[in-house]
Asks: 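Input: one structure, supplied below.
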Protein chains: 2
Amino acid sequence: MKLSQTEENYLKAIYNLAYANANNVSTTMISEAIKTKASSVTDMIKKLADKDLVHYKKYQGVSLTKIGQKIAVEIVRKHRLWEVFLLNKLNYNWDEVHELAEQLEHIKSDTLTDKLEAFLEFPTHDPHGDPIPDKEGNIEHHKDTMLSSVETEKSCVVIGIKDSSDPFLKFLDKLQIQLGSTLKVISKEPFDNSMLVKTESASISISNQISKNIFVKKL
Amino acid sequence: MKLSQTEENYLKAIYNLAYANANNVSTTMISEAIKTKASSVTDMIKKLADKDLVHYKKYQGVSLTKIGQKIAVEIVRKHRLWEVFLLNKLNYNWDEVHELAEQLEHIKSDTLTDKLEAFLEFPTHDPHGDPIPDKEGNIEHHKDTMLSSVETEKSCVVIGIKDSSDPFLKFLDKLQIQLGSTLKVISKEPFDNSMLVKTESASISISNQISKNIFVKKL
DNA sequence: TAAAATATTTAGACAAGCCTAAAAATATAA
DNA sequence: TTATATTTTTAGGCTTGTCTAAATATTTTA
Ligand SMILES: [Mn+2]
Ligand SMILES: [Mn+2]
Ligand SMILES: [Mn+2]
Ligand SMILES: [Mn+2]
């Protein structure tokens with residue numbers, strides 16, 4: 001099945017939204033993710049349903065079919081591998097790779113992805129800590145431990161970023177927080193759920209908004 | 001100026017045709033290169049002329065403007081750098097890289113091409129011996145010595161392939177002729193302009209059709 | 001140089017993907 | 001349980017890039 005870039009982008013958006021929200025994905029959610037109007041989404045959903053890539057009942061939202069899921073995961077795999085390439089080989093920063101990967105993920109080839117993966121020596125995670133699906137589409141998801149749920153006095157290691165938008169990544173750079181950073185929670189403020197955290201280089205106050213977006217592994 | 005992939009492909013086609021033919025490029029030639037109908041070409045030519053990328057007078061064919069030329073060379077640069085990447089880093093063969101580079105050349109970024117070039121350690125030629133334009137668009141063209149014009153008893157080194165289509169490249173593989181191969185012309189057949197050539201591994205008869213498509217440097 | 005052949009352009013149509021405005025369905029609130 | 005608000009779909013239209021068929025210009029041939 002040969003899909004257009006646009007169709008691929010819809011599938012990926014539905015995949016990501018379904019993963020973050022479990023249930024059926026609404027027209028409006030997709031329209032926000034893709035930055036188009038809801039009416040355009042309805043049009044596309046019908047096309048995808050005709051191709052058996054999504055389950056669709058009018059007014060009830062969509063979910064991916066087996067095939068749709070498979071294709072979406074392939075795109076995610078390509079996206080994340082290209083991100084690794086851009087960071088490791090071309091020396092981009094982690095806040096620059098996403099936009100380029102959005103383009104590169106649509107390159108069509110039967111062999112490219114696997115060759116790229118081998119060249120990168122089979123990375124397991126992308127620059128934002130997201131897991132890279134294997135050739136067969138298997139993917140090892142994060143356990144959902146967020147920094148916000150770490151107890152006072154406990155230490156943890158940063159293993160992923162939930163919101164990997166440009167500004168957030170740049171902000172983390174300023175705090176000198178990166179994948180692999182060890183953080184110790186000094187104290188928590190019940191008032192606003194902010195926490196005082198000791199990084200390798202400083203003690204900083206982190207709002208709940210931020211600590212809810214950092215995946216960690218407790219030590 | 002943000003161009004569509006299609007517009008970029010037209011500019012590149014015009015560039016290549018103009019380079020191979022010197023004068024104005026005809027509608028039909030473009031339609032054959034792009035594999036579309038002449039009427040579609042006329043439409044696109046008008047659009048490109050409106051954007052000042054080509055000079056166009058009805059029925060007189062087109063030529064690139066300064067800006068059009070600049071953009072075309074940038075695309076050629078990207079195409080050839082990606083071909084080097086695919087061959088050197090991902091271990092593709094020289095007959096497989098072109099199709100993928102056709103896609104990769106359209107990736108948009110202010111920084112990607114230069115970073116890729118640096119990563120590849122500033123290659124000067126692509127896998128088919130074609131010169132890679134530099135950042136400023138300067139390009140060192142082949143001197144046009146073809147194998148067909150080498151005299152009997154003289155030796156030469158293969159430095160480029162004029163027709164770098166799949167089947168021709170595969171054929172050269174079979175003959176064990178590659179970039180850098182040393183060839184010695186044993187004899188020439190005036191009858192059909194074929195030649196007997198000694199390669200590193202064998203003596204082979206080469207038709208004029210073939211010897212006209214191999215760039216060489218005389219020794 | 002006139003007729004025939006070929007090349008190019010125009011006219012009208014279509015699919016993909018998007019939009020706005022309006023209608024219909026669903027969800028929320030009184 | 002109605003009334004109101006929100007979401008989703010439909011209807012109709014636009015742009016890009018393509019096509020076929022027909023008209024027009026240029027080139028070749030006689
Ligand atoms: Mn990304
Ligand atoms: Mn990522
Ligand atoms: Mn090529
Ligand atoms: Mn090439």
Side-chain angles (χ1 to χ4, degrees), chain A residues 1-14 17-18 20-64 68 71-72 75 102-103 105-106 108, chain B residues 1-14 17-18 20-64 68 71-72 75 102-103 105-106 108:
Chain A
M1 177 151 2
K2 195 110 161 228
L3 299 180
S4 70
Q5 293 205 182
T6 308
E7 290 169 320
E8 289 189 347
N9 281 334
Y10 273 87
L11 289 182
K12 196 180 62 158
I14 295 168
L17 290 167
N21 301 277
N23 39 4
N24 273 18
V25 176
S26 77
T27 303
T28 308
M29 285 164 71
I30 298 171
S31 79
E32 280 161 4
I34 304 258
K35 290 182 196 351
T36 68
K37 300 292 158 167
S39 55
S40 306
V41 174
T42 303
D43 286 349
M44 179 56 83
I45 280 173
K46 285 182 192 159
K47 268 182 49 181
L48 296 176
D50 285 346
K51 296 187 180 183
D52 282 316
L53 299 171
V54 299
H55 299 293
Y56 172 54
K57 271 217 301 257
K58 266 192 196 179
Y59 294 98
Q60 303 310 128
V62 292
S63 60
L64 294 173
I71 294 171
I75 302 163
E102 286 291 318
Q103 297 180 61
E105 71 191 3
H106 300 293
K108 261 94 176 167
Chain B
M1 180 153 356
K2 195 107 160 233
L3 299 181
S4 70
Q5 292 205 183
T6 308
E7 290 170 319
E8 289 188 347
N9 281 333
Y10 273 87
L11 290 181
K12 197 181 59 157
I14 296 168
L17 290 167
N21 300 278
N23 39 5
N24 274 17
V25 177
S26 76
T27 303
T28 307
M29 285 165 71
I30 298 172
S31 79
E32 279 161 6
I34 303 258
K35 289 184 197 350
T36 140
K37 301 291 158 170
S39 55
S40 307
V41 174
T42 303
D43 285 349
M44 178 57 83
I45 281 174
K46 285 183 192 159
K47 268 181 52 181
L48 296 176
D50 285 345
K51 295 188 180 184
D52 281 315
L53 299 171
V54 298
H55 299 294
Y56 173 55
K57 271 218 300 257
K58 265 192 196 179
Y59 294 97
Q60 302 311 128
V62 291
S63 61
L64 293 173
I71 294 171
I75 301 163
E102 286 292 318
Q103 297 180 59
E105 70 191 3
H106 300 293
K108 262 94 178 167

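Because the structure is a prediction, the values reported are computed rather than measured. In what follows, chains carry the letters A, B, and so on, assigned in the order in which the sequence lines appear, proteins first and then strands, with residues in each chain numbered from 1. All heavy atoms count here, side chains included; hydrogens, waters and symmetry mates do not.
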Asks: Could you state the CD-P distance from A:Glu32 to D:dT6, rounded to the nearest angstrom?
Replies: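 The distance from CD of A:Glu32 to P of D:dT6 comes to 14 Å, rounded to the nearest Å.
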Asks: Could you list all N or O pairs between the protein and nucleotides 19-22 of chain C that sit under 3.5 Å apart?
Replies:
residue	atom	partner	partner atom	Å
C:dC19	OP2	A:Lys37	N	2.9
C:dC19	OP2	A:Ser40	OG	2.9
C:dT20	O4	A:Ser39	OG	2.9

Asks: If we only count heavy atoms from C-beta on, is the A:Val62 to A:Ile30 side-chain gap below 4.5 Å?
Replies: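 Counting from C-beta outward, A:Val62 and A:Ile30 do come under 4.5 Å.
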Asks: Starting from P on D:dT7, measure out to CE on A:Met29 and report it in whole angstrom.
Replies: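 So the two atoms are 12 Å apart, to the nearest Å.
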Asks: Nearest whole Å is fine: how far is C:dA16 P from A:Asn9 CG?
Replies: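 A:Asn9 atom CG is separated from C:dA16 atom P by 17 Å.
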Asks: Report yes if some heavy atom in the side chain of A:Glu102 is under 4.5 Å from a heavy atom in the side chain of A:Lys12; otherwise report no.
Replies: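 Yes, their side chains come closer than 4.5 Å.
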Asks: Take atom NZ of B:Lys57 and atom P of C:dT9, then tell me their distance rounded to the nearest Å.
Replies: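 Distance, rounded to whole Å: 13 Å.
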Asks: Figure out the CD1/P separation between B:Ile34 and D:dT18, and round it to whole Å.
Replies: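 That distance rounds to 8 Å.
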Asks: Flag the pair B:Asn21 / B:Met29 as yes when at least one side-chain heavy-atom distance between them is below 4.5 Å, and no otherwise.
Replies: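 Yes; the side chains approach each other to less than 4.5 Å.
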Asks: Describe the nucleic acid contact of B:Thr27 in one word from base, sugar-phosphate, nothing, applying a heavy-atom distance below 4.0 Å.
Replies: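 Since only primed, P, OP1 and OP2 atoms lie under 4.0 Å of B:Thr27, the category is sugar-phosphate.
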Asks: Could you walk me through whether A:Met44 and A:Thr36 pass the side-chain contact (heavy atoms from CB on, under 4.5 Å) check?
Replies: CA-CA 11 Å; A:Met44 179 56 83; A:Thr36 68; over 6 Å; no
Asks: Could you check if a side-chain atom of B:Tyr56 sits within less than 4.5 angstrom of a side-chain atom of B:Thr42, using non-hydrogen atoms only?
Replies: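 With C-beta onward as the side chain, the pair touches.
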Asks: So does A:Tyr10 get a side-chain nitrogen or oxygen closer than 4.0 Å to the phosphate oxygens (OP1/OP2) of C:dA16?
Replies: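 Looking at the OP1 and OP2 atoms of C:dA16, neither is under 4.0 Å from any side-chain N or O of A:Tyr10.
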Asks: Treating B:Lys108 as the side-chain partner and B:Leu3 as the backbone partner, does any N or O pair qualify as donor plus acceptor under 3.5 Å?
Replies: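 It does hold such a pair.
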Asks: Just the rounded figure in Å: distance from P of C:dC18 to CD of A:Gln5.
Replies: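 Taking atom P of C:dC18 as the reference, CD of A:Gln5 is at 11 Å.
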Asks: Pick out the pairs of N or O atoms, protein on one side and nucleotides 23-28 of chain C on the other, that lie under 3.5 Å.
Replies:
residue	atom	partner	partner atom	Å
C:dA25	O4'	A:Tyr59	OH	3.3

Asks: Using a 4.5 Å cut-off on heavy atoms from C-beta on, say whether the side chain of A:Gln5 contacts that of B:Gln5.
Replies: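 B:Gln5 reaches A:Gln5 side chain to side chain.
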Asks: So does A:Ile34 get a backbone contact from the side chain of A:Asn9, meaning a donor-acceptor N/O pair under 3.5 Å?
Replies: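 No: the side chain of A:Asn9 does not pair with the backbone of A:Ile34.
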Asks: Can you find a heavy atom in the side chain of A:Val41 that is under 4.5 Å from one in the side chain of A:Tyr10?
Replies: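 Yes - at least one pair of side-chain heavy atoms lies under 4.5 Å apart.
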Asks: Once you round it to whole Å, what is the distance between P of C:dA15 and CG of A:Leu3?
Replies: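 Distance, rounded to whole Å: 19 Å.
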Asks: C:dT6, OP1 or OP2 - any side-chain N/O from B:Thr28 closer than 4.0 Å?
Replies: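 Looking at the OP1 and OP2 atoms of C:dT6, neither is under 4.0 Å from any side-chain N or O of B:Thr28.
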Asks: Could you tell me the separation between the CD1 atom of A:Ile45 and the P atom of C:dC18, rounded to a whole number of Å?
Replies: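 My rounded result for the distance is 12 Å.
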Asks: Check whether any side-chain nitrogen or oxygen of B:Lys46 sits under 4.0 Å from OP1 or OP2 of C:dT9, and answer yes or no.
Replies: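 Answer is no, no contact under 4.0 Å.
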